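Below is one structure, written out as structure tokens, with a few remarks after it.
Since this is a predicted model, take the numbers as computed values, not measurements. Side chains are part of it too, since the values below use all heavy atoms of this structure and drop only hydrogens, waters and symmetry mates. In what follows, chains are A, B, ... by sequence order, proteins preceding strands, each numbered from 1.
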2 protein chains.
Amino acid sequence: MLFDINADSHIPKYEQIVSQVIFGVAAGSAGPGEMLPGVREVALRHVINFNTVAKAYQELERQGVVIARQGRGMEVTAEAPAVCRTRRKEIVQNRIREALREAVYSALTAEEVRKLVEEELVRANGKRR
Amino acid sequence: MLFDINADSHIPKYEQIVSQVIFGVAAGSAGPGEMLPGVREVALRHVINFNTVAKAYQELERQGVVIARQGRGMEVTAEAPAVCRTRRKEIVQNRIREALREAVYSALTAEEVRKLVEEELVRANGKRR
DNA sequence: CATAGTATACTATGTGTCTGTTACACATGA
DNA sequence: TCATGTGTAACAGACACATAGTATACTATG
């Protein structure tokens, strides 16, 4: 489970972690019974504070994606895959909606917006592993 | 010149105002020599503080889009249209990039992303005046 | 039993955004 | 001249985010 934390984003880091765990579970990178990486490990790797990671994990527990196993770590729940597939669509939809909201307000035509989207899809797919 | 301030957005209000003025000028809603609505008027209409509007206007002056006319208001500069058309594309591109960045990370296929985009384009165009 | 690893809790600090308020200098029009 | 409009400035307070440090409780392992 790898993360891609963007410090320059308007989106809070803990929220980025939350979405990315959800995306990972939805995509099957982690399944029920598996443990998430420890808060300190994640914090160290991404040069952020472990409290920030802990906040993300708490939110994930609140959403029923993981359950805290005292002294062991965060375990992916049995319901997680279903929950995450639903949440994934909602999250992506909201992000796109917010971006396009301004794009359309900007008086760019739908065609110009599609062109920008295609450019970004190519760019993103190029970087994909 | 109307604004559409979203208090729930991750994007700061003053930054939303900045982009929307840029979009307005780029689209020709306001041209060189015209005055922007006063900080108090905008603040009153959108139920925000006028200091927030003032911060946005200062940023616009820094970017060369407007110039402060003491005691009169903010006047759109002669170079503004060119500046704003350039900035508009950068802004929209960045917003879409940030949204799609997560969308692709989420393991949705390009096809699924296009579908979400089209849904939002329809929704946005429906609301357009 | 001791040790290491885990999440959790709490306090404190700094930064950025937004608000509310007051005051000032300048321009305009009655 | 005077009232009203403009942007600008300064301040204090609230809130969210992120950081930092410390302490606690639990579990697994040897």
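- Across every strand in view, D/dG30 sits in a pair with C/dC1 that passes the Watson-Crick or G-U test at under 3.5 angstrom.
- Between A/Leu44 atom CG and C/dT6 atom P the separation is 11 Å, expressed in whole Å.
- For the pair B/Met74 CE and C/dA27 P, the interatomic distance rounds to 15 Å; values are reported in whole Å.
- Here C/dT6 presents its C1' atom at 18 Å from CD of A/Glu34, a figure rounded to the nearest Å.
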- Item | Residues B/Lys115, B/Glu111; criterion salt bridge (charged side-chain N to carboxylate O under 4.0 Å, His left out); working and verdict | CA-CA 6 Å; B/Lys115 196 174 151 200; B/Glu111 204 41 59; over 6 Å; no
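- Proximity of a side-chain donor or acceptor of A/His46 to a complementary backbone N or O of A/Asp4 within less than 3.5 Å is not detected.
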Heteroatom pairs (N/O) under 3.5 angstrom, protein to nucleotides 24-30 of chain D:
from	atom 1	to	atom 2	distance (Å)
D/dT27	O4'	A/Gln70	O	3.3

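- B/Gln58 places no side-chain N or O within 3.5 Å of a backbone atom of B/Lys55 that could act as its donor or acceptor partner.
- With respect to the salt-bridge test (charged N to carboxylate O, under 4.0 angstrom), the residues A/Glu118 and B/Arg114 qualify.
- Inter-residue side-chain proximity for A/Val113 and A/Thr109 is flagged as unmet; no heavy-atom pair is nearer than 4.5 Å.
- With hydrogens and angles disregarded, no donor-acceptor distance shorter than 3.5 Å links the side chain of A/Thr77 to the backbone of A/Ile67.
- Contacts with DNA chain D (heavy atom under 4.0 Å) in residues 45-63 of chain A: A/Ile48, A/Asn49, A/Phe50, A/Asn51, A/Thr52, A/Lys55, listed by number.
- In the region residues 5-14 of chain B, proximity to DNA chain C at under 4.0 angstrom, judged on heavy atoms, holds for B/Pro12, B/Lys13, B/Tyr14.
- Cation-pi geometry between B/Arg88 and B/Phe23 is not satisfied (NZ or CZ under 6.0 Å from the ring centre, within 45° of the ring normal).
- Side-chain atoms of A/Glu34 do not come within 3.5 Å of backbone N or O of A/Glu75 as any donor-acceptor pair.
- Side chains of B/Glu98 and A/His10: a donor-acceptor N/O pair is absent below 3.5 angstrom, by distance only.
- Neither side chain, A/Gln16 nor A/Gln20, offers a donor N or O lying under 3.5 Å from an acceptor on the other.
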